[in-house]
Amino acid sequence: MVVVRSDVVTRPFGMTVLDGPEYLRDGVEDGGVMVDGQVLDHAKTERGVPETMPNSGSSRREFLRGLGLAVSALAIAPEKLAVAMDAPGRKPNIVIILSDDVGYGDLTCYGGIHVNTPHIDGLAKSGLRLTNAHSDAATCTPSRYAMLTGNYAWRHDGVQILPGDAKSLIEPGQTTIASVLKSAGYATGLVGKWHIGLGDGSIDWNGDIKPGPCELGFDDAFFFAATADRVPTVYIHDHRVVNLDPKDPIRVSYETKIGTEPTGREDPELLKMKLSEGHDGTIVDGISRIGYMTGGKSALWKDETIAQTFTNKACEFIEEHKDEPFLLYFTPSDIHVPHAPADQFAGRSQCGIRCDTITQLDWCVGRVMETLQNSGVADNTLVIFTSDNGPVVNDGYDDNSVELLGTHKPAGILRGGKYSIYEGGTRMPFITHWRGHIEPGVSEALISQVDLLRSLASLVHQPVPTDGAPDSLDESRVLLGTSKNGREMLVEEADVLAIRTIRWKLIDRSQRPGAHPSPMFKPKPLTPQQEARHRAIEQLFMPGEIDYPTAPLELYDLIDDPSETKNVAELHPEIVERLRQKLAELRTQGHS
Ligand code: NG6
Ligand code: CA
């Protein structure tokens with residue numbers, strides 16, 4: 001049985017039933033639900049839930065787990081929270097763990113049944129698990145740009161998946177989470193994947209690489225430029241490639257082959273991981289990448305040790321800065337392709353190598369938490385765990401992940417995944433943890449990752465420059481669990497735009513990302529390749545009955561139909577019109 005207080009839980013999905021993970025239950029295993037002191041059985045709950053969700057094939061239990069509606073009464077008084085935060089010298093440390101391509105259903109605490117994520121589940125168990133938190137976009141670059149700057153990426157031209165040699169999308173001087181916290185006296189560190197561009201248009205990989213994270217508010221940055229499947233496959237510390245031998249300079253091209261190194265296209269017999277799409281450039285360590293590079297042999301990373309290398313750096317940063325307030329923006333490469341886990345994780349999970357990398361990611365989170373504890377700062381650190389975009393299983397390499405996926409559902413009951421405008425693309429796992437300050441529980445408040453900037457600024461009482469973070473709202477109370485009311489609406493992008501409220505989601509295929517507010521703008525249709533990608537992911541996660549859109553406008557009722565199976569635009573023309581206008585208005589006014 002689960003105890004639910006209706007005064008604590010809001011009902012975006014129309015019901016307050018919960019049957020979440022073990023730790024959220026009250027220990028009575030009768031399958032009933034208690035709402036406001038009354039025991040109901042499932043059939044009698046407010047709307048009821050079908051035994052099997054449409055298209056998903058998941059059981060009611062999985063469905064409920066996926067929704068993750070659970071709550072416990074607030075035990076920490078808000079006054080206590082305010083006192084702790086205002087106490088002199090007690091600014092909280094902030095650790096943002098931004099994972100890569102982890103889906104809403106990829107963690108046990110979000111209902112994943114064939115994955116093993118004890119450390120992340122532990123964060124959720126003693127922290128706040130948000131069930132309606134969104135990234136700005138269904139791909140990495142725009143999502144990360146938006147989170148770091150508090151600025152919707154779709155407002156700007158060219159904020160789309162970047163090659164590894166692309167120029168910095170964020171201008172030096174532009175407000176970022178790091179610049180705001182630095183102004184508040186924080187030591188600021190980046191460890192992990194960057195992928196928001198570097199330099200001013202032409203990078204000399206053998207000299208100082210800037211502007212980059214250090215020009216955008218980070219005191220210390222240990223990172224790679226783009227993704228693990230893109231060249232250059234080297235680490236950068238602040239402005240310099242790590243371990244580079246000047247006698248073996250690096251050159252990079254995304255246009256033509258350079259150097260004599262083998263490529264996936266010409267020398268497939270040298271591959272230890274076959275490619276399935278793209279990824280036919282330079283082979284590094286048996287894996288061919290997107291783009292070409294030559295030189296830099298002593299600096300090349302080993303894919304199997306990326307997780308450990310980044311985690312060691314993250315832990316070192318914590319240890320070095322434990323005596324001052326710090327921001328650690330830790331962006332592991334897992335679970336992005338290529339899936340190349342360390343030996344200790346390879347073959348250990350129940351759903352293939354992609355799931356092995358989930359276990360590896362979980363281990364990284366565990367190490368960070370352990371280091372916070374051992375450094376004596378665990379009780380004064382707000383940890384936020386989330387992901388940059390929805391899940392994908394085959395993202396260009398043939399690594400058997402699709403075949404071994406079994407019944408694991410990377411996006412839970414949500415439709416779509418990475419690249420998709422449906423909920424699977426942008427609804428993210430999102431956990432906040434701050435022992436003694438955040439009451440364990442679950443929140444259904446609607447928030448966007450774009451809100452982190454103002455929320456964190458507010459938490460540390462640091463003003464945001466007037467021209468900064470135009471789309472970020474202060475949702476600090478939601479992050480701390482002292483409010484359950486988040487945003488009224490937010491916008492998301494995946495080649496097209498969607499606007500959603502707590503109940504409704506309008507996908508407007510005539511709205512494409514970019515700075516083109518002109519009414520003369522004529523969007524190009526998606527390419528057949530883009531369409532094919534979207535459908536392949538949707539089909540894998542929800543085989544069968546998907547109704548593919550032909551209409552330019554789709555409206556979904558997320559309370560009645562969380563899996564977005566029925567386009568109800570024709571039934572609610574007034575809601576379509578209201579949301580269309582709101583989206584156009586948000587676009588023209590240039591801020592939220
Ligand atoms: C795509 C790549 C994919 C991945 C993605 C970026 C191909 C066929 N696909 O273009 O493998 O790298 O870009 O992922 O090349 S993201 O998470 O960084 O957005
Ligand atoms: Ca990603």
Side-chain angles (χ1 to χ4, degrees), residues 96-101 139-141 143-145 148 161-170 178 189-199 203-216 218 220-244 250-254 279 281-285 287-314 316-317 328-342 357 360-361 364 388-389 395-397:
I96 301 172
I97 306 177
L98 178 63
S99 57
D100 201 351
D101 296 2
T139 50
C140 165
T141 301
S143 167
R144 288 167 193 242
Y145 173 94
L148 268 186
I161 300 173
L162 290 182
D165 60 351
K167 70 180 265 206
S168 176
L169 289 176
I170 310 178
L190 154 74
V191 177
K193 166 179 174 172
W194 179 240
H195 211 189
I196 322 180
L198 293 169
I203 302 173
D204 175 5
W205 297 98
N206 310 290
D208 272 350
I209 301 161
K210 59 179 171 182
C214 295
E215 284 62 49
L216 301 171
F218 289 102
D220 196 344
F222 185 95
F223 62 103
F224 60 57
T227 55
D229 59 346
R230 281 172 174 73
V231 298
T233 54
V234 294
Y235 298 115
I236 300 167
H237 184 208
D238 295 346
H239 298 118
R240 289 282 177 156
V241 169
V242 177
N243 287 336
L244 181 65
I250 296 178
R251 282 185 304 126
V252 169
S253 168
Y254 276 76
H279 300 104
T282 303
I283 298 177
V284 180
D285 196 22
I287 302 175
S288 56
R289 320 279 164 157
I290 304 173
Y292 305 96
M293 73 178 286
T294 181
K297 293 237 156 15
S298 56
L300 299 177
W301 71 51
K302 267 208 80 59
D303 295 85
E304 290 77 3
T305 58
I306 290 175
Q308 191 177 19
T309 305
F310 280 154
T311 305
N312 287 346
K313 292 289 172 191
E316 277 166 27
F317 181 85
L328 171 62
Y329 175 60
F330 178 37
T331 56
S333 175
D334 286 319
I335 58 169
H336 197 281
V337 293
H339 298 132
T357 64
Q360 178 166 273
L361 170 69
C364 299
D388 65 344
N389 53 251
D395 206 12
Y397 293 101

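Atoms OG1 and CD1, on Thr139 and Ile161 in that order, are 4.5 Å from each other to the nearest 0.5 Å. The line from NE2 of His336 to CG of Asp100 is 5.0 Å long, rounded to the nearest 0.5 Å. One distance of note links OG1 of Thr357 with CD1 of Ile335; it measures 5.0 Å at 0.5 Å rounding. Between the CD1 atom of Ile196 and the CG atom of Leu148 there is a distance of 4.5 Å, given to the nearest 0.5 Å. Lys313 NZ to Asp220 CG: the interatomic distance, rounded to the nearest 0.5 Å, is 9.0 Å. Summarising the geometry, atom CE belonging to Met293 is positioned 13.5 Å from atom CD1 belonging to Ile283; distances are rounded to the nearest 0.5 Å.
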Next item on the list: Using the side-chain contact (heavy atoms from CB on, under 4.5 Å) rule, take Val191 and Leu328 through it: C-alpha gap first, then chi angles, then the decisive distance, then the call.
Entry: CA-CA 8 Å; Val191 177; Leu328 171 62; 4.0 Å; yes

Next item on the list: Apply side-chain contact (heavy atoms from CB on, under 4.5 Å) to the pair Val231 and Ile290, showing each step before the final yes or no.
Entry: CA-CA 6 Å; Val231 298; Ile290 304 173; over 6 Å; no

Check: Going through the distances and angles, do Asn312 and Phe317 end up as a side-chain contact (heavy atoms from CB on, under 4.5 Å)?
Finding: CA-CA 9 Å; Asn312 287 346; Phe317 181 85; over 6 Å; no

Check: Ile236 and Val242: side-chain contact (heavy atoms from CB on, under 4.5 Å), yes or no, with the steps?
Finding: CA-CA 5 Å; Ile236 300 167; Val242 177; 5.7 Å; no

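The aromatic rings of Tyr329 and Trp194 lie perpendicular to each other, with more than 60° between the two planes, well past the 30° mark. Using the six-membered ring where Trp is involved, His237 and Phe222 have ring planes that are tilted, between 30° and 60° apart.
No side-chain heavy atom of Leu198 sits less than 4.5 Å from a side-chain heavy atom of Ser168. Contact check for Cys214 versus His239: side-chain heavy atoms found under the 4.5 Å cut-off. Contact annotation: the side chain of Val252 never approaches that of Ile203 to less than 4.5 Å [non-hydrogen atoms, C-beta and beyond].
Looking at every heavy atom in both residues, Val337 comes nearest to Ala228 through O-CB, 4.0 Å. The two atoms that bring Arg289 and Trp301 nearest to each other are NH1-NE1, 3.8 Å, heavy atoms only. Shown here for Pro213 and Ala221, the closest heavy-atom pair between the two residues is CB-CB, 3.9 Å. Minimum heavy-atom separation, Ile250 to Val241: CD1-CG1, 4.0 Å. The two atoms that bring Thr311 and Cys364 nearest to each other are OG1-SG, 3.2 Å, heavy atoms only. In plain terms, the two heavy atoms of Ser333 and Ile306 that are nearest each other are CB-CG2, 4.1 Å.
One N or O on the side chain of Glu215 and one on the backbone of Gly212 form a donor-acceptor pair closer than 3.5 Å. A donor-acceptor pair under 3.5 Å is formed between the side chain of Ser298 and the backbone N or O of Asn243.
Taking the six-membered ring for Trp and the full ring otherwise, Tyr235 and Phe310 have centroids separated by under 6.0 Å.
In this structure, Tyr292 has no ring pair (Phe, Tyr, Trp, His ring centres under 6.0 Å) partners at least two apart in sequence or on a different chain. Partners of Thr294 under the side chain to side chain donor-acceptor pair (under 3.5 Å) rule, at least two apart in sequence or in another chain, are Glu261. Partners of Lys302 according to the side chain to side chain donor-acceptor pair (under 3.5 Å) rule, which considers only residues two or more places apart in sequence or in another chain, are Asp285. Checked against side-chain contact (heavy atoms from CB on, under 4.5 Å), Cys140 has the following partners two or more places apart in sequence or in another chain: Arg144, Lys193, His195, Asp388, Asn389. The side chain to side chain donor-acceptor pair (under 3.5 Å) check on Tyr145 picks up Gln174, with sequence neighbours excluded. For Thr227, the side chain to side chain donor-acceptor pair (under 3.5 Å) partners two or more places apart in sequence, or in a different chain, are Asp229, Arg230.
Counting only N and O atoms by type, the side chains of His339 and Gln360 include no donor and acceptor under 3.5 Å apart.
Using a cut-off of 4.0 Å between Lys/Arg side-chain N and Asp/Glu carboxylate O, Asp165 and Arg251 are scored as not salt-bridged.
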